[in-house]
Every structure is written in structure tokens, then in C-alpha cells.
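In what follows, chains carry the letters A, B, and so on, assigned in the order in which the sequence lines appear, proteins first and then strands, with residues in each chain numbered from 1. This one's a predicted model, so the numbers in the text were calculated from it and none came from an experiment. Only heavy atoms go into these numbers, but all of them, side chains included; no hydrogens, no water, no symmetry mates.
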Amino acid sequence: MDTIITRFPPSPTGYLHIGGARTALFNWLYARHNGGKFILRIEDTDAARSTKESVDAIFDALQWLGIDYDEGPYYQSQRYDIYRAHVDQLIASGNAYYCTCSAQRIEEMRQAAKARGENPRYDGTCREKGLPASPDAVVRFKTPGAGNTILEDVIRGNIVFSNAEIDDFIIRRSDGSPMYNLAVVVDDITMGINTIIRGDDHISNTPRQILLYRALGASVPVFGHVPMVLGDDRARLSKRHGAMSVTAYRDMGYYPDALLNYLVRLGWSHGDQEFFTKEELVEKFSLKNVGKSAGVFNPEKLLALNARHIHNAPEEKLAVHLLPFLSEKGIDAREDEYLYRVIATLKARSKTFVEMADGAEFYYFAPKSYDEKGVKKFLQPENIKALEKLAGALREQEAFDEKSLEPVFQKIMEETGLGFGKIAQPLRLALVGKAVSPGIFEMIAVLGKDETISRIDQCIAAMSGKTGISA
RNA sequence: GGCCCCAUCGUCUAGCGGUUAGGACGCCGGCCUCUCACGCCGGUAACACGGGUUCGAGUCCCGUUGGGGUCACCA
């Protein structure tokens, strides 16, 4: 087979949503898996609804997801000459004709058909008139009217459509701009696209497009219609289903690879495997294992998968995504060894980067207050005494790695007769200000000797009322 | 309504004629434990229905029901 060439053709009428991202992903994965090409094309022939902001939002989202393209972005609005030429070709070859039926007349026709319980369709009034071009004329495609058109879908098998169901649809508006079906087909032909993977909501369009391919003398590409993503009410995804834009997930602290992983598993499977890195996806993806039934978007499973990706990703990769959330909290962190060590202690306990940033705060700022409940429970006079002892011992301690720290605590436990928890919790309060944090040893190892001791001292001072800091 | 697609736990799915119907999320127990998590162990829960075909159907065929999509000078 020739080089696989796929494409993602969003129409810029809003943000890139979950469903669109999934379509892009399938095409991207298929191209990457097969060493093919992936093309981005902006379908902005609807001048009224297309916006520059939407175009930028789409680029932004794709970039964050790590879905890159080999060609484009092409803009349909800049290719009108090409469409015009193809429509003219269709007219010349007798496959299309001008039609001057008014929109009003068509509408009346539709109403009448509906009233009679029939299917609304163009009646072919202008079909054989041989009308010349005129300012208010549209161009219609001349449909066979009889016989069948078969869609050979790689995912669903053969789907047969009766040509009698397909009326002479408009391919060029009266203002000269191309209609969707014409533009996609011309683009896909001229861009060499040979594999079209898209949502199954496009199935009913396909026979029209196949007819167009033939009339244009082009070979029909491979089609694969993937099942759609539904909301929890089993209806088509929309705003009322909650956060549906890709960038919303970025802002909520999701890891792009996790979103990708979730989206692809919604409709595709590889045995029992649930967790895939992006590389694994490229390696294992195939159209053969794409299912046929629509799937319900489940935010909880996405969250769980996000947690797993965060747990498993190397610190360096996580750092890039965490940084924006840190700076949002006024933390001037940079990508360095310290950050990596911070992340190492946090990644098992963070489901999102928002959580991770929250958890990282104390590594950069000493506590400004101490959790009230925690103080009552763990910072009583006897605890302070233990903290003082501990601070003393730590001052003597040279090595500050986890392993070397343990014996120090052992010794304090023996001297005071306190259990580990009785020492760890007060210390945790002193270092973090809260009763929740990573493990004591790993935390101290990251904070370092000076900071650790200074925070203990600060806490002791606060508890004895010597500073402004209090519970 | 016409046309088209789909149908295994609540959800995502494995299954490709013979299985105690498997995994994941969620939920419920338990273990681990310096807090919170992670992790681990166990439990809950499904083949929409009716006909065929077959020695034998979740698996193949037909129908019913249910859900979805689509019927524009939108994409």
C-alpha cells in the first residue's frame, strides 16, 4: 500500500472539544503507526460562524495534546479557486447544473413533502433545463437517482445506500462559495488523502461524497467511521455535560497523555490493557480493534487514569506541566533538581497538577500558620519537648538522606519512649503547618538540614508565644 | 417519520461456537502504615427480548425492543 495519508479537518466554530480531539487522535495515531502523513485542514467555508479565535484555540489544544501535523494547516477559505475549477469541471462533464429555484420555493416544497409524510428532497426542476450561470444560481450535483452506492467501511463493513434516497444537493452556493461535501472531497483528492477516519455521524454523508469522487474521476479513499462519544445521558456531547473543551482539562491539571489514553480507550482496545504511554499507543494502535458502539464519557475514569499517568511519568516530564500551576500560586520555581525531588515525593499522592501544586506549596514557603486541630493534638508541651530534642539531634546529623535519618529518629524514640507517630506528627505540623504531607523522611531529605531545623525552631517559638506566628 | 448505525456488569471494554463470561473505573470490605495517598487482597455487578441454525450459542441468521446518527445556499 502507498503511504497512509490521514487528516483532521475541524471547522473553527468553537473550541476543540473532547470528541474532536479523539477524531484527531485516531487519525494521528493511524498515520504515525504506519509511518504515514497527518494533515491539518481548517474547514472555514462557513464565513458567518468561523472565527480566528476558534482557529487559535484549536492550534493551542492540539499543541498541548502533542498532536503534531506534517502538512498544513490548510484553510478552505483560501482554496476557492480550486473548488470553483472542480465545480466547473462537474458542470462541463454534465454531472452538475445551475439551479435558480428560490430558497422560498424549496422551503415550500419541503413543507409540502413533510405534510404528505414524504421525505423532503429537491424535485429536480432545473435538472434538465441547461441553465446558464447567473448571479443568484446555485450549482447542484446530478445524482444517479437509481441503483445503490456502497460504503466499504473498514470498521463497520459494507453499508448500502439506495441512490433514490439521495437528491441533487447543492455543491456551490449562489455567492460562489463551495458547500461542505464538495469542499471536503476536492480537498481530500487534491491533498492525496487516502484514509478517512471520522465520527459515525458522517456516515450518511458518505454516499454523496463517494458519488462526487466518481464524478470527479478520482479513486475513493478508505473510510473508517468510529463510534461517537456520548454524555452520561447517552446524548450527543454538549456544554451541558460539563467541561468538554480540551483546554479545560489542561486548566484542571490533567496530563495530556492521560487524556489521550482515555480518549483512545473509548472505542479502541488492546486486550485487557488500560494504561498506555503515548509511545505505546503509536506502537499498538490499529483500526482493527476499534469498536462499533458509542461510548459514554466518564470523567471519573479519566481522573483515575490521570492519576496513574502522573504516578508513572518521570519527574522531568511532570515538571513542565506543573510549573504553570506553581507560578499561579506565586511560587517562583524553575526546572531544577530541587523541583524534581519535590515532584518525586508528590506524584503518588496527586491526581492532577492542581493537587500537586497544592501539595508542593510548603516546599517553597515555611508555614505561616499551624492547623488548629493539629496543634491541639500534636503540638502540646510534651511534643514540643520532643521537637526540641529532635532539633538538637538533627543539628548533629551530617548526612540528610532518608536512610541516614532513620537512626536519628530511632534514638529519639528510645530516649523519650514515644512511638514514631508521636514524633512524626508534631514534626509534620512544624514543617508543613498541616497534618497531611509526604513521608517524613523523604520530606526532610528534600527540605534539607537548614530549612528543616529552622522550621522546627520557628514552630517551637510560635508555640511558646515568642513570635507572631500562632495556631 | 424516511434512511443509516449500534446493543456483554452503572460506565469503558475482553470475548471472535464449548469460559466458573475476564480486566478497568466506581462502590463496599480488609491488609500495609508516621499523616494523606500509593500499593496489595477480596466482594458487588452484565451477555435487552423472541425466534431460528447447531450436539452446543454472549459469539452465526432473522425479527422485536431500546439507544444513537442524519435528513440545510452548517460542517
Engineer: Looking only at atom P, what distance separates G58(B) and G2(B), rounded to whole Å?
Structural biologist: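 Rounded to whole Å, the distance is 32 Å.
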Engineer: Any residue in residues 43-59 of chain A with a heavy atom nearer than 4.0 angstrom to RNA chain B? Just list them by number, or reply none.
Structural biologist: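 Nucleic-acid contacts, sorted: E43(A), T45(A), D46(A), R49(A).
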Engineer: Just the table, please: protein N/O against nucleotides 66-73 of chain B N/O, every pair under 3.5 Å.
Structural biologist:
from   : atom 1 : to      : atom 2 : distance (Å)
G69(B) : O3'    : R236(A) : NH1    : 2.9
U70(B) : OP1    : R236(A) : NH1    : 2.7
U70(B) : OP1    : R236(A) : NH2    : 3.3
U70(B) : OP2    : R236(A) : NH1    : 3.3
U70(B) : O4'    : S204(A) : OG     : 3.4
U70(B) : O2'    : S204(A) : OG     : 3.1
C73(B) : OP1    : R110(A) : NH2    : 3.4
C73(B) : O2     : S174(A) : N      : 3.1
C73(B) : O2     : S174(A) : OG     : 3.1
C73(B) : N3     : S174(A) : OG     : 2.9

Engineer: Is the backbone N or O of G124(A) less than 3.5 Å from a side-chain atom of R140(A), with the two atoms forming a donor-acceptor pair by type?
Structural biologist: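 Looks like no, no N/O pair under 3.5 Å.
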Engineer: Applying a 3.5 Å limit to both distances, which nucleotide forms a Watson-Crick or G-U wobble pair with C3(B)?
Structural biologist: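 Result: G69(B).
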Engineer: Is a donor from one side chain sitting under 3.5 angstrom from an acceptor on the other, for Q425(A) and R428(A)?
Structural biologist: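 A donor-acceptor contact under 3.5 Å links the two side chains.
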Engineer: Could you tell me how far apart W268(A) (CH2) and A14(B) (C1') are, to the nearest whole angstrom?
Structural biologist: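 Taking CH2 of W268(A) and C1' of A14(B), I get 13 Å after rounding.
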Engineer: Looking only at atom types and distance, does a side-chain atom of H202(A) sit under 3.5 Å from a main-chain N or O of R198(A), one as donor and one as acceptor?
Structural biologist: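 No.
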Engineer: Using the P atom on both, measure U70(B) against A14(B) and round to a whole Å.
Structural biologist: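 It works out to 24 Å between them.
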Engineer: Any pair with a residue in residues 437-448 of chain A that passes salt bridge (charged side-chain N to carboxylate O under 4.0 Å, His left out), sequence neighbours left out, goes on the list, sorted by first then second residue, please.
Structural biologist: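 Checked against salt bridge (charged side-chain N to carboxylate O under 4.0 Å, His left out) - neighbours excluded - the pairs reaching residues 437-448 of chain A are R349(A)-E442(A).
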Engineer: For U35(B), give the paired nucleotide (Watson-Crick: N1-N3 plus N6-O4 or O6-N4; G-U: N1-O2 and O6-N3; both under 3.5 Å), or none.
Structural biologist: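 By the stated definition (distances under 3.5 Å), nothing pairs with U35(B).
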Engineer: Find the partner of C27(B): check Watson-Crick (N1-N3 plus N6-O4 or O6-N4) and G-U wobble (N1-O2, O6-N3) distances, both under 3.5 Å, and reply none if neither fits.
Structural biologist: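 The answer is G43(B), by the H-bond criterion.
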Engineer: When the P atoms of U20(B) and G26(B) are considered, how many whole Å apart are they?
Structural biologist: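 Straight-line distance between the two P atoms is 30 Å.
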Engineer: Rounded to whole Å, how long is the line connecting atom CD of Q273(A) with atom C1' of G15(B)?
Structural biologist: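 Q273(A) atom CD is separated from G15(B) atom C1' by 17 Å.
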Engineer: Base, sugar-phosphate or nothing for G359(A)? Non-hydrogen atoms, less than 4.0 Å.
Structural biologist: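 Touches nothing.
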Engineer: With both distances under 3.5 Å as the test, what is the Watson-Crick or G-U wobble partner of C9(B)?
Structural biologist: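 In the structure as shown, C9(B) has no Watson-Crick or wobble partner.
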Engineer: Pairing check on C60(B): which nucleotide meets the Watson-Crick or G-U wobble criteria with it, both distances under 3.5 Å?
Structural biologist: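 C60(B) is paired, partner G52(B).
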Engineer: Give the rounded distance in Å between these two atoms: CG of L305(A) and C1' of U11(B).
Structural biologist: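 Answer to the nearest Å: 14 Å.
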Engineer: Taking the C1' atom in each of G15(B) and C47(B), what is the distance between them to the nearest angstrom?
Structural biologist: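 Pairwise C1' distance, G15(B) against C47(B), rounds to 11 Å.
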Engineer: Among A75(B), C12(B), G22(B), which nucleotide sits nearest the side chain of S11(A)?
Structural biologist: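 Output: A75(B).
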Engineer: Base, backbone or nothing for each nucleotide of nucleotides 25-38 of chain B, written B, S, -, heavy atoms under 4.0 angstrom, 5' to 3'?
Structural biologist: SS-------BBBBS
Engineer: Take atom CZ of R198(A) and atom P of C5(B), then tell me their distance rounded to the nearest Å.
Structural biologist: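 These atoms are roughly 16 Å apart.
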Engineer: Identify the residue among N27(A), I39(A), T6(A) that makes a side-chain contact (heavy atoms from CB on, under 4.5 Å) with I193(A).
Structural biologist: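 Result: among N27(A), I39(A), T6(A), I39(A) is the only option passing the side-chain contact (heavy atoms from CB on, under 4.5 Å) with I193(A).
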Engineer: Using the P atom on both, measure A48(B) against C9(B) and round to a whole Å.
Structural biologist: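 One P to the other, the span is 7 Å.
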Engineer: Given atom CZ of F276(A) and atom P of A14(B), what is their separation to the nearest angstrom?
Structural biologist: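 Computing the F276(A):CZ to A14(B):P distance gives 11 Å.
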Engineer: Measure from CG on N163(A) to P on C3(B) and round the result to the nearest Å.
Structural biologist: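 Distance, rounded to whole Å: 15 Å.
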Engineer: If we take the P atom in both A37(B) and C31(B), what is their distance in whole Å?
Structural biologist: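 Going atom to atom, P in each nucleotide, I get 15 Å.
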Engineer: Establish, for the pair K329(A) and F325(A), whether the NZ or CZ atom is under 6.0 angstrom from the six-membered ring centre and no further than 45 degrees off its axis.
Structural biologist: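 Checked: cation-pi criterion not met.
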Engineer: L151(A) has an atom CG; how far is it from atom P of C3(B), in whole Å?
Structural biologist: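 About 18 Å, once rounded to whole Å.
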Engineer: Which word best sums up how the rings of Y75(A) and F59(A) line up, parallel for under 30°, tilted for 30 to 60°, or perpendicular for over 60°?
Structural biologist: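 Perpendicular.
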Engineer: Evaluate the side chain to side chain contact (heavy atoms under 4.5 Å, CB included) criterion for residues T452(A) and K449(A): first the C-alpha distance (whole Å), next the side-chain angles of each, then the deciding distance (0.1 Å), finally the verdict.
Structural biologist: CA-CA 5 Å; T452(A) 301; K449(A) 183 172 177 176; 5.9 Å; no
Engineer: Got a sec, which residues hit side chain to side chain contact (heavy atoms under 4.5 Å, CB included) with A393(A), two or more places apart in sequence or on another chain?
Structural biologist: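 A393(A): side chain to side chain contact (heavy atoms under 4.5 Å, CB included) contacts with V408(A), I412(A).
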Engineer: So which pairs with a foot in residues 39-48 of chain A pass salt bridge (charged side-chain N to carboxylate O under 4.0 Å, His left out), sequence neighbours left out?
Structural biologist: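 Every pair satisfying salt bridge (charged side-chain N to carboxylate O under 4.0 Å, His left out) with a residue in residues 39-48 of chain A: R41(A)-E43(A), R41(A)-D187(A), R41(A)-D188(A), D46(A)-R49(A).
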Engineer: Is a side-chain N or O of N148(A) found less than 3.5 angstrom from the main chain of V160(A), in a donor-acceptor match?
Structural biologist: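 Side chain of N148(A) to backbone of V160(A): no pair is present.
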Engineer: Picking from Q104(A), R110(A), Q111(A), what satisfies side chain to side chain donor-acceptor pair (under 3.5 Å) with E108(A)?
Structural biologist: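 Considering Q104(A), R110(A), Q111(A), a side chain to side chain donor-acceptor pair (under 3.5 Å) with E108(A) is found only for Q104(A).
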Engineer: Hey, does the Lys NZ or Arg CZ of R265(A) hover above the aromatic six-ring of F276(A), less than 6.0 Å from the centre and inside 45° of the axis?
Structural biologist: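 Cation-pi check for R265(A) and F276(A): fails.
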Engineer: Give me the distance, rounded to whole Å, that separates G23(B) from C16(B) when you measure between the P atoms they each carry.
Structural biologist: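 After rounding to an integer number of Å, I get 16 Å for this pair.
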Engineer: What is the distance, rounded to the nearest whole Å, between atom CD1 of I171(A) and atom C1' of A75(B)?
Structural biologist: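 To the nearest whole Å, that distance equals 17 Å.
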Engineer: Which value, in whole Å, describes the distance between the P atoms of nucleotides G63(B) and C3(B)?
Structural biologist: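 Pairwise P distance, G63(B) against C3(B), rounds to 13 Å.
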